[in-house]
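What follows is a set of notes on a single structure, which appears directly below.
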Amino acid sequence: MSYTTWQKSSFSEGQGDNCVELAAVADGIRLRESDEPDTVLRTSPATLGIFIRAVKDGRLDHTH
C-alpha cells in the first residue's frame with residue numbers, strides 16, 4: 001500500500017477545506033483541491049516551477 005503525504009501552504013491555515021495541497025512522489029508532483037481529494041493532477045517539479053513563476057510575474061493575469 002502506498003502512502004502519500006499531502007502538504008498545504010501555511011497561508012491556508014484556517015481556510016477549512018478550501019486550499020490546494022501538494023505531494024512530492026517518486027515520479028513528480030501531485031496537486032489536489034482539499035475539498036475534492038480524489039481529483040489529482042500530476043506534474044513535474046520543473047513544470048510546476050514554470051507555472052509558479054508565471055503566476056508571480058503576472059503573466060497569467062488577463063484584463064479585458
Side-chain angles (χ1 to χ4, degrees):
M1 178 170 95
S2 79
Y3 177 75
T4 302
T5 301
W6 292 94
Q7 299 179 335
K8 63 181 177 178
S9 168
S10 59
F11 290 105
S12 295
E13 293 300 322
Q15 299 299 315
D17 284 340
N18 191 19
C19 60
V20 174
E21 298 174 320
L22 287 95
V25 294
D27 63 344
I29 303 290
R30 302 292 181 264
L31 295 100
R32 71 181 184 183
E33 283 280 340
S34 57
D35 61 347
E36 290 190 40
D38 294 330
T39 302
V40 178
L41 300 175
R42 299 174 183 190
T43 191
S44 69
T47 301
L48 181 59
I50 290 167
F51 175 73
I52 290 171
R53 282 189 296 281
V55 170
K56 287 182 174 183
D57 292 346
R59 289 183 276 150
L60 303 177
D61 294 345
H62 295 286
T63 56
H64 297 260

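In this chain, residues are counted from 1 in sequence order.
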* To the nearest 0.5 angstrom, please state how far the CD atom of E21 sits from the CG atom of D35. => 9.5 Å
* Structure fact -> So CG of L31 and OG1 of T39: to nearest 0.5 Å the spacing works out to 12.5 Å
* To do: Would you sort out whether V40 and T4 count as a side chain to side chain contact (heavy atoms under 4.5 Å, CB included), showing the intermediate values?
  => CA-CA 12 Å; V40 178; T4 302; over 6 Å; no
* Can you measure from NZ (K8) to CG (L22) and round to the nearest 0.5 angstrom? => 12.5 Å
* Can you check whether C19's main-chain N or O pairs, donor with acceptor, with S34's side chain at less than 3.5 Å? -> yes
* What is the minimum heavy-atom distance between G28 and P45, and which atoms define it? -> CA-CD, 4.3 Å
* Asked: Do you reckon V20 sits in the same ILVMFWY cluster as I29, going by side-chain contacts under 4.5 Å, direct or chained?
  -> yes
* Asked: Hey, what do you get for CD (E33) to CG (L41), rounding to the nearest 0.5 Å?
  -> 9.0 Å
* To do: Spell out, yes or no, whether I50 and L60 are grouped together once hydrophobic residues are joined by side-chain heavy atoms under 4.5 Å, including indirect joins.
  => no
* Asked: Any side-chain heavy atom of F51 within less than 4.5 Å of one from V55?
  -> yes
